[in-house]
Structure formats: C-alpha cells, structure tokens
Amino acid sequence: MMFSTNHAAGNTKTDLDVAVIGGGIVGCATAREMLERYPNLRVGIFEKETQLGMHQTRNNSGVIHAGMYYKPGSMKARFCVAGAKKMYEYCESRGIPYKKNGKLIMAVKDYELKGLQTVYERGIENGVPGLEMISSEGIREIEPNARGIKAIWSPETGIVDFQKVCHTYAQDVKKGGGSVSTGFKMTKMEIVRDGTGDGSEIVTIFSDDGRKIKANRVITCGGLYSDHVAKSGGGGAADPQITPFRGAWLTVKKEYLDLVNTNIYPVPDPRFPFLGVHFTPTMRDEILLGPNATLAFQREGYNYRDVNLRELFETITHPGLQKTMAQHITTGAKEMFRDFFLSANLARLQQYVPCLERKHIEGWKSGVRAIAVNQEGILDEFVIEEGVPGRIINVRNAPSPACTASLQIAEEVITRADDVNFFQGL
C-alpha cells in the first residue's frame, strides 16, 4: 500500500516530516506516540513485508510479561513493569482480546531454589504487583497437571496477540493523519541539502524497487535488521550487531488444549537473555511448548534450510558472539540436540508437566529473536541511539520484553527526541 501525505505542515519539499523505518510493534508504537504528541506532523511508517509485524512481533509466545526477570533499575525492568500496565489499559480501551492468566515460575530441582529466590527478590524490587512464593501444593491448586518443589506465582502476567496490537497501533497512526506503506524495502539513506539555500538538510530513503522518499527526520526500528538499517546511511555505530537466534516451539493438538491453563516457566539461567522452555497458552487457541535457542543461519531463518552465507559469515565472525559461543559451547550443543530429537525435548518439558506425552504433540513452529552483541558478548538491554544528530534516531536493540513494553519504549524514543530538539522546525 502506498503512502498518502498531508502537506498542511512542515517542509513541502519533502514527502514527510518524519519517516519511521520498520513496521513491527516498536515502529508502529513509536509513530503512534509521535502523533499523540505532535498531531500536525506528517508521519509515515515504511515496512518491507506486505503486512505489518510479520517477524518478531508475530512469531513469539504472546506473553505480557510482568517484569520480575530483569536487573533492577535497567530499562528492561522499568519499561516492562510500566509497559505491562499500559498494554492492559490499551487493550481494554481498544477492545483487543487478552487474558490475564498468570504465570508459574517453577523450581523442579533443589539447586534451582536459589535462582528462584533471586527472581522473586528482583520482582519485588522492580515493583511487580501481586507476586507470591508458593509451595508444591499451591502449584497444583493453580495448575493441576504441573509439578514442582516451589514456584513464583505472577497473577499479572497475561497473553495477547501482539500482531493485533501492532495493527491497532497502525490504525491509530492512520486516524491521526499518518500513513502506512508496506512492501517498501529500504536499501540506503542519504542526507542532502534541501535546495532552499539556507543550508537545511533532508533525508532521502531509497527502496530496492527504485522508489525514493524524502523526509526531514527518520526514526529506524529495524528489528532483525536494526544494525543494517542504522548503518545504511543512518549514522549507526558498528556495534551492537544483531545475532539471529532461532527458537522452535512444539504445538499441542486441539483436543488437548486443557493440558494447562496458565503460563509455566522454568527458573531462568542468568547467563542468557532467554527464559527457557515454557508452556504457553495463546490467544490463537494454541499451547506452545518452548522455545529453544539455536543460532539461525540467516536473519529471518525459520528453519535449518534457510541459509544466507553472507549473513552467516557476518554473524559467526563477530568477536562478541565468538566469545559467547566459546564460553557456552556445551549449552549450545544441548539446545541443538533437543531441537533435532523430540524425545529429548519432551523429557525436559515433562519435568514441569509429567503427564505430557508424545501423543499430545501436533507439530512445531518457529521464530527468530534479534539478540544484540558487542565486543564483550550479549548485550541484554534496550539500545536507542542518535545516529545522525538532529536527523536520524535508531532503535538498535529491542529484545523481549519489547512487545510488552512497546508503548513505554515508544514514549522513551520520543522523549529522547524531544531532549535533542529533534522535532524543532517541523
């Protein structure tokens, strides 16, 4: 769908005041927040796929996280807690279906109890509402098929279809006078003089099919390609670089959807930004079991047959990833083993729900997570940078819980833009 513009405001030598590159949930939330604050701006979203939110926004567990996992004081912790509250309020106001079905974070081995206590204490410090530490009996009261020694019960955790949320953000953008263009794959950006003679500059955005868009400002939210987008004329630094990790879920047959009712999670390994395999009912009438975490062979590589040699070479030659892989080679090998052998995957899941059997499994699906790495290893935090001062802002890293926190991330992006007078003169 091509864009339409409103030239009532701004520099009419450009198509737009602000172009947002990337039509995932963060990009759409950012455009929405911009128009909430500056309703006269000419704002457009540009997405390379034929629909919005087709990658990380769609291919995830659909969990509204409460915020107990993340380091106190970090953006992840603050944005998740605030973002979850805003997400529920937004879904209520816009009639988006969701369920607040809660989450059990379960210890099934004695050695996991210390980690469980750490997560609980973090949750309390982060201000997560309603957290309780419960016994094995309490686990069975909430989820009869689950078994564990002890668990954290999070009643404020829920589920939603984040792609529906993303599409609703886009509807808000259109209602606010903005535009949404799909099928626009950006290849590069160039900053040029606008021809007025006063030294003003504009950003020209080029697509792979020869189209050009002229904008006064650009905000990039490129997801799995956030580093490529930022460095394609957006002034982005070399790091962080995105490393794609594929996650595969098993799916449960429709006749067994009463297997679990709530989200069941393990005690996470603090060395990694992954939460471990879990049981997740979804708003699409599924139960997902997983995901695991294995290196993908291309940025949008949803199975092992998807290989892009250039992207793979870029990934495996990065010093930060090499350092991480060297430190955790055994863990990586185990993840790949369980990915290939259903019995091994089931054995891990049966620790939490012993009645799970092979007959319950229907098939599998997968997603790819954008994990940022710098020279030291995995960067487990949101990253927003001013790529070209006064012209381009880049959202460089927005991992989970970015969907939950999307409204809060958008608020932060626009606040930072305000702080550097990004919208001045528009």
Side-chain angles (χ1 to χ4, degrees), residues 1-24 26-35 38-55 166 169-196 199-236 385-396 410 413-414 417 422-426:
M1 174 170 53
M2 283 301 295
F3 69 94
S4 60
T5 57
N6 172 9
H7 291 278
N11 183 352
T12 55
K13 290 185 176 295
T14 59
D15 302 300
L16 295 166
D17 291 319
V18 186
V20 177
I21 306 299
V26 173
C28 291
T30 298
R32 176 187 176 276
E33 176 68 20
M34 203 179 334
L35 284 168
Y38 299 101
N40 291 325
L41 285 182
R42 297 171 298 146
V43 175
I45 300 169
F46 295 88
E47 165 57 38
K48 69 182 178 66
E49 305 294 352
T50 57
Q51 295 184 51
L52 299 173
M54 288 299 290
H55 292 289
C166 176
Y169 289 167
Q171 290 171 14
D172 293 345
V173 169
K174 292 178 185 178
K175 288 177 182 176
S179 60
V180 176
S181 302
T182 55
F184 187 100
K185 184 177 181 180
M186 191 215 82
T187 56
K188 65 177 180 176
M189 293 180 280
E190 290 181 356
I191 298 177
V192 297
R193 295 288 175 88
D194 68 359
T196 60
S200 298
E201 296 176 326
I202 61 175
V203 185
T204 302
I205 306 160
F206 297 84
S207 74
D208 65 343
D209 60 4
R211 285 177 287 167
K212 293 190 291 186
I213 302 298
K214 295 180 179 180
N216 293 307
R217 309 285 190 272
V218 175
I219 298 176
T220 73
C221 305
L224 283 158
Y225 287 95
S226 62
D227 53 342
H228 285 188
V229 171
K231 290 185 285 187
S232 297
E385 68 174 15
E386 189 179 16
V388 177
R391 286 288 175 265
I392 300 174
I393 290 174
N394 302 310
V395 178
R396 291 293 297 268
V413 172
I414 304 307
F422 189 73
F423 302 108
Q424 187 172 344
L426 299 181

Which residues share a salt bridge (charged side-chain N to carboxylate O under 4.0 Å, His left out) with K48, sequence neighbours left out: E300
Check step by step if side chain to side chain contact (heavy atoms under 4.5 Å, CB included) holds for E49 and Q51. CA-CA 5 Å; E49 305 294 352; Q51 295 184 51; 5.7 Å; no
Those residues that, when tested against E190, pass side chain to side chain donor-acceptor pair (under 3.5 Å) (two or more places apart): K188
Which atom pair, heavy atoms only, marks the closest approach of C221 to V26? SG-CG1, 4.2 Å
Kindly compute the distance separating CE (M189) from OG1 (T204), expressed to the nearest 0.5 Å. 11.0 Å
Those residues at least two apart in sequence (or on a different chain) that pass side-chain contact (heavy atoms from CB on, under 4.5 Å) with Q171 are R94, T168
Let me know which of V20, I213, V218 forms a side-chain contact (heavy atoms from CB on, under 4.5 Å) with F46. I213
dist I219:CD1 -> M34:CE (nearest 0.5 Å) comes out at 4.0 Å
Exercise: identify the closest heavy-atom pair between V43 and A31: CG1-CB, 4.0 Å
Nearest 0.5 angstrom please: I21 CD1 to I392 CD1, how far? 9.0 Å
Which atom names give the shortest non-hydrogen contact between L41 and L35, and what distance separates them? O-CD2, 3.6 Å
Looking at CZ of R32 and SG of C166, how far apart are the two atoms once the value is rounded to the nearest 0.5 Å? 12.5 Å
With no hydrogens and no angle check, is any side-chain donor or acceptor of R217 less than 3.5 Å from a backbone partner on D17? no
Could you please spell out the steps behind the side chain to side chain contact (heavy atoms under 4.5 Å, CB included) verdict for F184 and I205? CA-CA 10 Å; F184 187 100; I205 306 160; 3.9 Å; yes
Quick one: does R42's side chain have a donor or acceptor within less than 3.5 Å of a partner on T14's backbone? yes
Looking only at atom types and distance, does a side-chain atom of R391 sit under 3.5 Å from a main-chain N or O of E201, one as donor and one as acceptor? yes
Residues at least two apart in sequence or cross-chain that pass side chain to side chain donor-acceptor pair (under 3.5 Å) with D227, listed by chain then number, are R299
For F423 against V18, the heavy-atom pair lying closest together: CE2-CG2, 4.0 Å
What residues form a side chain to side chain donor-acceptor pair (under 3.5 Å) with T30, not counting sequence neighbours? none
Rounded to the nearest 0.5 Å, what's the gap from OG on S181 to CG on L16? Could you check? 8.0 Å
Side chains of T220 and N394: do they bring a donor and an acceptor to under 3.5 Å? yes
Which heavy atom in K231 sits nearest to a heavy atom in G236, and how many Å separate them? CG-O, 3.6 Å
What's the verdict on side chain to side chain contact (heavy atoms under 4.5 Å, CB included) for I45 and C28, showing C-alpha distance, side-chain angles and the deciding distance? CA-CA 7 Å; I45 300 169; C28 291; 3.9 Å; yes
Which heavy atom of E47 sits nearest to which heavy atom of G23, and what is that distance? OE1-N, 2.7 Å
Quick one: pull up CZ in R211 and OG1 in T187 and give me the separation to the nearest 0.5 Å. 11.0 Å
Please identify each residue that fulfils side chain to side chain donor-acceptor pair (under 3.5 Å) with S232, with sequence neighbours left out. none
